[in-house]
Amino acid sequence: MQLGLIGLGKMGFNMRERLRAAGHEVVGYDRNPDVTDTTSLEDLVSKLEGPRIVWIMVPAGDPTRQTVTELSNLLAEGDMVIDGGNSKYTDDKLNADLLAAKNIGYVDCGVSGGVWGKDNGYGLMVGGTAADVEKAMPIFDALRPEGPREEGFSHAGDVGAGHYAKMIHNGIEYGMMQAFAEGFELLEAAKVVKDVPAVIKGWQRGTVVRSWLLDLLVRALDEDPELDDLEGYVEDSGEGRWTLEEAINNAVPAPVISAALFARFASRQEHSAAMRAVAALRNQFGGHAVKKVGG
């Protein structure tokens with residue numbers, strides 16, 4: 001198939017390579033002149049034969065909405081847009097309605113796999129009509145991991161369902177990462193275990209916590225056994241917050257995901273006002289020692 005791909009960053013660049021290796025023709029556009037195949041969105045669309053499929057891999061929010069708006073004025077009836085970024089699922093209906101007014105199809109696709117997807121394949125969760133999803137199935141099949149389709153690809157539902165599924169996926173990911181991180185810290189702090197990296201590596205086979213995330217932690221520890229080269233500052237890209245919003249909206253308890261998100265917030269506080277207040281209270285009622293700034 002022929003595909004237009006907008007956004008050739010870490011994910012988009014590798015997706016282009018995987019698709020080309022599978023025999024598909026990919027015409028890419030990026031603002032970076034070193035990686036782009038075209039000079040503009042208009043140029044990209046002109047290089048595609050109808051009916052066209054254009055896949056967007058740009059940051060969520062305004063950049064994606066602006067790209068969809070521009071494409072709505074460049075594409076023709078029967079063409080289709082796929083948003084493969086981390087858009088909030090509520091944006092999908094707005095994008096789909098804008099394109100539907102010109103009889104242009106829309107599919108949202110949650111993509112998991114990170115920088116390893118080029119070789120391992122990407123987990124895909126899509127939302128849209130059955131007809132639109134089927135049109136792009138050769139592309140999805142090339143991107144997903146080898147093996148049964150249902151183990152690396154899901155048609156989650158109507159427009160918005162793909163990004164909703166990816167949002168929950170990322171919320172779960174927050175909790176799993178935090179559990180591994182806390183286990184690592186406890187092993188380090190207790191001093192009972194003499195070789196922490198060896199213990200974590202020993203969990204990779206035969207244990208119930210074995211996973212790709214564990215494999216990645218082992219890889220990080222191989223490079224830096226005590227992770228001393230890193231600062232404990234962790235950003236969040238939005239999906240964890242959106243997952244908690246949905247938990248509140250649906251009255252679903254999500255203590256693990258919420259704790260993992262708040263731990264990321266805490267990682268960015270050099271001098272936490274809350275913890276200063278706790279220290280002050282302990283000193284007031286119990287005379288417990290406190291550390292003065294600069295002392």
Side-chain angles (χ1 to χ4, degrees), residues 1-7 9 11-12 15 19 24 26-29 40-42 44-45 48-112 122-144 149 153-171 237-239 241-243 245-246 249-250:
M1 288 186 69
Q2 190 184 50
L3 179 74
L5 180 59
I6 301 169
M11 289 277 282
M15 289 169 66
L19 287 167
H24 296 289
V26 183
V27 181
Y29 170 69
S40 65
L41 293 188
E42 186 174 5
L44 178 142
V45 170
L48 301 175
E49 299 176 4
R52 307 171 186 87
I53 299 179
V54 178
W55 188 304
I56 302 172
M57 288 297 290
V58 301
D62 288 341
T64 294
R65 286 192 288 271
Q66 290 166 7
T67 303
V68 171
T69 299
E70 189 169 348
L71 286 173
S72 73
N73 295 318
L74 295 172
L75 296 175
E77 181 175 345
D79 293 344
M80 185 166 70
V81 172
I82 301 173
D83 177 13
N86 280 328
S87 295
K88 192 173 184 180
Y89 78 99
T90 49
D91 289 346
D92 290 315
K93 186 177 187 308
L94 300 175
N95 293 335
D97 288 348
L98 175 66
L99 296 170
K102 300 188 178 182
N103 292 316
I104 300 169
Y106 180 83
V107 169
D108 58 286
C109 181
V111 181
S112 182
Y122 301 88
L124 306 174
M125 299 143 265
V126 305
T129 67
D132 283 343
V133 172
E134 189 59 35
K135 285 180 188 177
M137 194 57 74
I139 299 297
F140 295 140
D141 279 341
L143 288 172
R144 67 175 175 82
R149 179 187 287 168
F153 170 89
S154 58
H155 181 188
D158 296 333
V159 166
H163 280 144
Y164 194 97
K166 178 60 163 46
M167 173 183 70
I168 302 305
H169 165 281
N170 282 23
S237 55
E239 296 91 338
R241 303 182 190 214
W242 302 338
T243 300
E245 288 176 5
E246 286 301 301
N249 292 340
N250 291 281

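This chain uses plain numbering: 1 for the first residue, then up along the sequence.
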Heavy atoms of Met11 and Met57 approach each other most closely as CB-CE, 3.7 Å
Can you find a heavy atom in the side chain of Tyr122 that is under 4.5 Å from one in the side chain of Arg144? no
By side-chain hydrogen bond (donor to acceptor under 3.5 Å, both in side chains), Asp62 pairs with (sequence neighbours left out) Arg65
- Steps toward side-chain contact (heavy atoms from CB on, under 4.5 Å) verdict (Val54, Ile82): CA-CA 6 Å; Val54 178; Ile82 301 173; over 6 Å; no
The reported gap from CD1 in Ile104 to CG in Leu75 (rounded to nearest 0.5 angstrom) is 5.0 Å
For His24 and Pro138 the tightest heavy-atom approach is NE2-O, 3.4 Å
ask   = Below 4.5 Å, heavy atoms only, C-beta onward: do Asn170 and Trp242 meet side chain to side chain?
value = no
Applied to residues 70-97, the ring-ring contact (aromatic ring centres under 6.0 Å, His included) test, sequence neighbours excluded, yields Tyr89-Tyr164
Review point. Would one find more than 12 heavy atoms of other residues, nucleotides or ligands at under 6.0 Å from atom CD of Glu42?
Key: no
What one should report as the nearest heavy-atom pair of Asp132 and Tyr106 is OD2-N, 3.8 Å
message: Is there a side-chain contact (heavy atoms from CB on, under 4.5 Å) between His163 and Lys88? Walk through the geometry before answering.
response: CA-CA 7 Å; His163 280 144; Lys88 192 173 184 180; over 6 Å; no
Between the CG atom in Asp141 and the CE atom in Met1, the distance rounded to the nearest 0.5 Å is 11.0 Å
Sorted by chain and residue number, the side-chain hydrogen bond (donor to acceptor under 3.5 Å, both in side chains) partners of Glu134 (sequence neighbours excluded) come out as none
Interatomic distance, CE@Met137 vs NE2@His155, rounded to 0.5 Å, equals 8.5 Å
When every non-hydrogen atom of Ala161 is compared with those of Asp108, the smallest separation belongs to N-OD2, 3.7 Å
What one should report as the nearest heavy-atom pair of Asn86 and Lys166 is OD1-NZ, 3.3 Å
Checking Lys102 side chain against Ser72 main chain: does a donor-acceptor pair fall under 3.5 Å? yes
Practice task
Could you give me the CA-CA distance, side-chain angles and deciding distance for Met125 and Cys109, then say whether side-chain contact (heavy atoms from CB on, under 4.5 Å) is met?
Solution key: CA-CA 5 Å; Met125 299 143 265; Cys109 181; over 6 Å; no
The side-chain hydrogen bond (donor to acceptor under 3.5 Å, both in side chains) partners of Thr69 (sequence neighbours excluded) come to none
Between the OG1 atom in Thr129 and the CE atom in Met80, the distance rounded to the nearest 0.5 Å is 8.0 Å
Taken to the nearest 0.5 Å, the spacing of Ile53 CD1 from Leu48 CG works out to 10.0 Å
The complete set of ring-ring contact (aromatic ring centres under 6.0 Å, His included) pairs with one or both residues in residues 56-76, sequence neighbours excluded, reads none
In terms of heavy-atom contacts, Leu44 and Val27 come closest through CD1-O, 3.4 Å
Would one find more than 12 heavy atoms of other residues, nucleotides or ligands at under 6.0 Å from atom CG of Asp158? no
Dump the intermediate steps for side-chain hydrogen bond (donor to acceptor under 3.5 Å, both in side chains) on Glu239 and Ser237, then the final yes or no. CA-CA 6 Å; Glu239 296 91 338; Ser237 55; 2.5 Å; yes
Can you tell if the side chain of Leu19 reaches within under 4.5 Å of the side chain of Leu3, non-hydrogen atoms only?
yes
| task | Check whether any side-chain heavy atom of Glu70 sits under 4.5 Å from a side-chain heavy atom of Thr67, and report yes or no. | result | no
request  = Could you go through the side-chain contact (heavy atoms from CB on, under 4.5 Å) check for Leu71 and Ile56 one step at a time?
outcome  = CA-CA 10 Å; Leu71 286 173; Ile56 302 172; 3.8 Å; yes
Taken in chain and number order and not counting sequence neighbours, the residues that satisfy side-chain hydrogen bond (donor to acceptor under 3.5 Å, both in side chains) with Arg52 are Asp79
Should the ring pair Trp55 and Phe140 be called parallel, tilted or perpendicular, given that the plane angle runs from 0 to 90° and is split at 30 and 60? perpendicular
CG (Leu99) and CD (Glu77) are apart, to the nearest 0.5 Å, by 13.0 Å
| query | Quick one: does Ser112's side chain have a donor or acceptor within less than 3.5 Å of a partner on Gly123's backbone? | reply | no
Under the side-chain hydrogen bond (donor to acceptor under 3.5 Å, both in side chains) criterion, do Asp83 and Ser87 qualify, and how do the steps go?
CA-CA 8 Å; Asp83 177 13; Ser87 295; 2.6 Å; yes
